[in-house]
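The shown structure was predicted, so the numbers you read here are calculated from the model rather than taken from an experiment.
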Amino acid sequence: MSQIELRGKIENRSARLAVIGLGYVGLPVAAVLAEVGFDVLGVEIRPERVEKINAGLSPIKGEEPGLAALLSKVVAAGKLWATTDYAALRDRDVLLIDVETPVDEQNAPRYEALRACLQGLGPLLKADALVIVESTIAPGTMRDVVLPLLEQSSEKKLNDGFYLGNCPERVMPGKLLKNLHMVSRVVGGMTPETAETMIALYQHIVQADLDAADCVTAELVKTAENAYRDVQIAFANEVALICEAVGGDVWKVRELVNKSPMRQMHLPGAGVGGHCIPKDPWLLAYGVKGKGVPLRLIPAARAVNDGMPLHIVELLKDALAEAGRGLEGARLAVLGYAYLEESDDARNSPSATLVRRLHELGAEVVIHDPWIAEYGGDLLQRLRGCDAAVIMVAHGAYRGLDLNALTSALRTPILVDGRRLFEAAQARAAGLLYRRIGTA
Ligand code: SAJ
């Protein structure tokens, strides 16, 4: 089948689609493509996730407006079906790959899931199918990893047996569906013609710009846009540390800096977590490994942001000392374990770094998070008898905290505020020893 014919099947929605990897990215993508009328097959390695999806239930917790209802609708309509079996891919015209691409302890990408996916689908690949990698990958990966692997596993040749492209996702937890529809996408084709065929697909679900590009550009844009955000956050965090040292308040400084034209200082905080921002700068850096490019800013920003949970430890030590206590043997309550407010996603959570360090220093830790079942329950009950409460995530449930009740519940009345949920005056009026990121 020529790309013209494939594009025609995409335009009239008769093309049969597959989404491999039904996580935070793949599941919403599969659901919205099914919603516009495509027959969508979801392939997912976790059987319990497959079962839940085929029952029309969303396995994604946290606030995701519209997703559960949409999933139930498209499954009931028979437009989306999930399986663990790659053999079902045999009749698919377009295959989207949304598997994880984490980095390891040495900040190198781990492409095991991506490789396994390509090895698995290759032998089953329908002639002239279009394969689109939506996962975030280091610049050069489509050329150096995906293409050779797919040609080897399918025994077909690029543009003469299959078509290939990279369209990085831009979803954001908490607004997965909205972003899928409203945020522009860079559509990287291995050829300009393939980019056009991909645009024919995304036009059905994206109401924002679809910018045709080559694959390297698509890889660079995705990793650079998140490295950009990481550097911005690191700048805010470094200014926070400066403010603490010189008697300033970074929150006031930030507000006034941002009154200056063309400034947009980000929010300092207790750390940077998630499955995008801590990882993508390293993917960008990996793209130039061994090419003699002196990277200083991107690694430094990562170090600043990774250091923030450890700075929280310093604030804790200082407050405990004022109360005549030390970390050793203290019982500390960590409020928030997800990486982001109103989410159950704890990937690369700054709280995990904090908890590990506090245990190393001999403290006992109680964790609370209203979005994570094992850490749920009544907050004041959980932190009763603790020597400090540390706010690590700006969950709405913490904004409304009764500080007087907090003081009564704690054994040592200390509040360390990693996300500026409170003002010092409020906390001190409630009898709390108060410390805050970025405020002397
Ligand atoms: N954070 C700060 N200060 C800030 C912003 C975030 O400390 O000013 C922290 C958050 O607490 C969190 C981490 O950084 O721990 C990441 O927060 P995030 O708002 O960037 O949320 P993510 O990780 O879901 O980022 C995603 C990204 N989207 C994609 O990769 C498709 C990112 O590009 C988006 O900019 C971001 O969502 C968004 O704007 O919501």
Side-chain angles (χ1 to χ4, degrees), residues 3 6-7 9-11 13 15 17-38 40 42 64-67 70 93-101 114 117 129-143 146 163-229 274-277 279-280 283-284 287:
Q3 276 213 67
L6 176 59
R7 203 173 303 164
K9 291 181 71 174
I10 289 171
E11 281 161 357
R13 297 178 174 83
L17 311 185
V19 177
I20 304 166
L22 297 180
Y24 283 89
V25 180
L27 186 61
V29 169
V32 297
L33 286 167
E35 183 185 31
V36 295
F38 284 103
V40 183
E64 287 301 346
L67 181 59
L70 174 59
D93 301 303
V94 181
L95 300 87
L96 281 70
I97 298 176
D98 286 297
V99 298
E100 63 162 11
T101 52
L114 181 60
C117 171
L130 167 59
V131 177
I132 302 173
V133 175
E134 292 198 322
S135 305
T136 304
I137 49 182
T141 303
M142 289 299 289
R143 182 192 59 231
V146 175
Y163 307 105
L164 184 60
N166 172 222
C167 184
E169 49 82 15
R170 278 180 165 165
V171 296
M172 295 159 198
K175 35 195 172 183
L176 293 176
L177 290 187
K178 180 170 168 246
N179 272 53
L180 255 182
H181 292 307
M182 306 310 288
V183 175
S184 66
R185 302 284 290 267
V186 179
V187 183
M190 282 303 224
T191 66
E193 195 190 7
T194 299
E196 291 311 312
T197 305
M198 294 165 67
I199 285 174
L201 175 71
Y202 288 103
Q203 258 167 352
H204 288 293
I205 57 173
V206 178
Q207 286 115 50
D209 290 350
L210 291 168
D211 298 305
D214 61 30
C215 286
V216 172
T217 300
E219 293 165 328
L220 283 164
V221 168
K222 171 64 186 179
T223 49
E225 72 190 29
N226 281 348
Y228 169 85
R229 185 165 175 83
H275 54 298
C276 305
I277 308 300
K279 161 179 74 92
D280 295 355
L283 289 176
L284 176 57

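- T194 and Q3 are linked by a side-chain donor-acceptor pair at a separation below 3.5 angstrom, with hydrogens and angles left out of the test.
- Side-chain N or O atoms of D209 include none that pairs as donor or acceptor with a backbone N or O of D211 at under 3.5 Å.
- At most 12 heavy atoms of other shown residues, nucleotides or ligands fall within 6.0 angstrom of atom OH in Y228.
- Here the shortest heavy-atom pairing between P28 and G23 reads CD-O, 3.6 Å.
- Nearest heavy atom pair, residue L114 against residue I97, reads CD1-CG2, 3.9 Å.
- Across all non-hydrogen atoms, the minimal contact from L284 to A227 is CD2-CB, 3.9 Å.
- The two residues C167 and Y202 have their closest heavy-atom pair at CB-OH, 3.5 Å.
- Salt bridge status for R143 with E219: absent, with no side-chain N to carboxylate O gap under 4.0 Å.
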Can you give me every donor-acceptor pair (side chain of residues 170-177, partner residue at least two apart or in another chain, under 3.5 Å) with its distance?
from: R170; atom 1: NE; to: E225; atom 2: OE1; distance (Å): 3.0
from: R170; atom 1: NE; to: E225; atom 2: OE2; distance (Å): 3.1
from: R170; atom 1: NH1; to: S184; atom 2: O; distance (Å): 2.9
from: R170; atom 1: NH1; to: S184; atom 2: OG; distance (Å): 3.0
from: R170; atom 1: NH2; to: E225; atom 2: OE1; distance (Å): 2.6

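- Counting non-hydrogen atoms of other residues, nucleotides and ligands closer than 6.0 Å to NZ of K178 gives a total of 12 or fewer.
- Applying side chain to side chain contact (heavy atoms under 4.5 Å, CB included) to V40 and the options V32, V94, L96, V19 leaves one that passes, V19.
- Looking at every heavy atom in both residues, C215 comes nearest to M190 through SG-SD, 3.6 Å.
- Heavy atoms only, all atoms of each residue included: A195 and V187 are closest at O-CG1, 3.6 Å.
- R185 places no side-chain N or O within donor-acceptor distance of the main-chain N or O of V206, the cut-off being under 3.5 Å.
- Under a 3.5 Å cut-off, the side chain of R7 and the backbone N or O of E193 do form a donor-acceptor pair.
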